[in-house]
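Here is the structure we will look at.
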Amino acid sequence: LPTGDFADDDGADAGNAETGFMIGADAYLPLGSTDFGWVTSASLNSFGVDDNGADDVDLGRYWLLPIMTGVSYPIALGPTMSVSPMAQIGLNLAFGPNGEIGDEDFNTSTSISLAFSAGANMMFTPSLGATLRYVNGGEPEREVEQGEFEGERDNPMSFLQLGVLWRFR
């Protein structure tokens, strides 16, 4: 779910991002004998781009790959239930959107920006759970080309990740 300017369709920083999908993975490493742990995550996120009803416009998709690392603290809520708040920092690789406006190609360069996230994983059974995370993907600076036009774009990219977790042990 895109948030803030990334979801807006009006204004200089508008990203026009639509609801998308995500697939990702976490690796958790307990730190010594404490409950604290180190969690490293990577997720591929895809968001459509709202063309505001224009004809002959296909703006493609945003493809975002935040690679993050940080701390997590699992809290037992029962024999099989737990919640693990986490905070992470890392890099966001931003690809696209790329598409067509009329008969001209619209291309956006790949870029990297500093990113952070905060959220929690909740396990309902030892193997099945859910995740909710806010990811701020920063403001990646991208080159934009459309026909003879060339420029730069650095709109903010933030979104909520809602997902189902499957834990392998």
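What you see is a predicted model, and the numbers here were worked out from it, not measured in a lab.
- Heavy atoms from other residues, nucleotides or ligands lying under 6.0 Å from CD of Glu104 number more than 12.
- Side chain to side chain, Thr125 and Thr80 fail the donor-acceptor criterion of an N or O pair below 3.5 Å.
- Counting heavy-atom neighbours within 6.0 Å of Ile23 CD1, excluding the residue itself, gives a total of 12 or less.
- Side-chain atoms of Arg61 and Ser46 form a donor-acceptor pair, as typed in the model, at a separation below 3.5 Å.
- Side chain to side chain, Asn121 and Arg133 meet the donor-acceptor criterion of an N or O pair below 3.5 Å.
- When only modelled atom types and interatomic distance are considered, Trp38 and Thr69 share a side-chain donor-acceptor pair under 3.5 Å.
- The aromatic rings of Phe159 and Phe6 lie tilted to each other, with the angle between the two planes from 30° to 60°.
- For the pair Ser113 and Gly137, the tightest heavy-atom approach, listed with the atom from each and the gap, is OG-O, 2.5 Å.
- When each of Glu139, Arg142, Glu141 is paired with Asn155, the side chain to side chain donor-acceptor pair (under 3.5 Å) condition holds for Arg142 and for no other.
- Not one N or O on the side chain of Tyr134 forms a donor-acceptor pair closer than 3.5 Å with the backbone of Ser158.
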Apply the test side chain to side chain contact (heavy atoms under 4.5 Å, CB included) to residues Asn92 and Met157: give CA-CA distance (whole Å), side-chain angles for both, the deciding distance (0.1 Å), then the verdict. CA-CA 9 Å; Asn92 178 38; Met157 296 182 171; 4.2 Å; yes

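- Looking at residues two or more places apart in sequence or on another chain, you find a ring pair (Phe, Tyr, Trp, His ring centres under 6.0 Å) between Phe36 and Tyr73.
- For the residue pair Ser41/Asp26, the side-chain donor-acceptor check at 3.5 Å is satisfied.
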Please step through side chain to side chain contact (heavy atoms under 4.5 Å, CB included) for the pair Phe47 and Thr19, ending with a clear verdict. CA-CA 6 Å; Phe47 301 95; Thr19 300; over 6 Å; no

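- Residues Glu143 and Thr108 bring no donor and acceptor atom of their side chains to less than 3.5 Å of each other.
- Take Ser43 and apply the side chain to side chain contact (heavy atoms under 4.5 Å, CB included) test, not counting sequence neighbours, and it matches Met22, Asn45, Pro66, Gln161.
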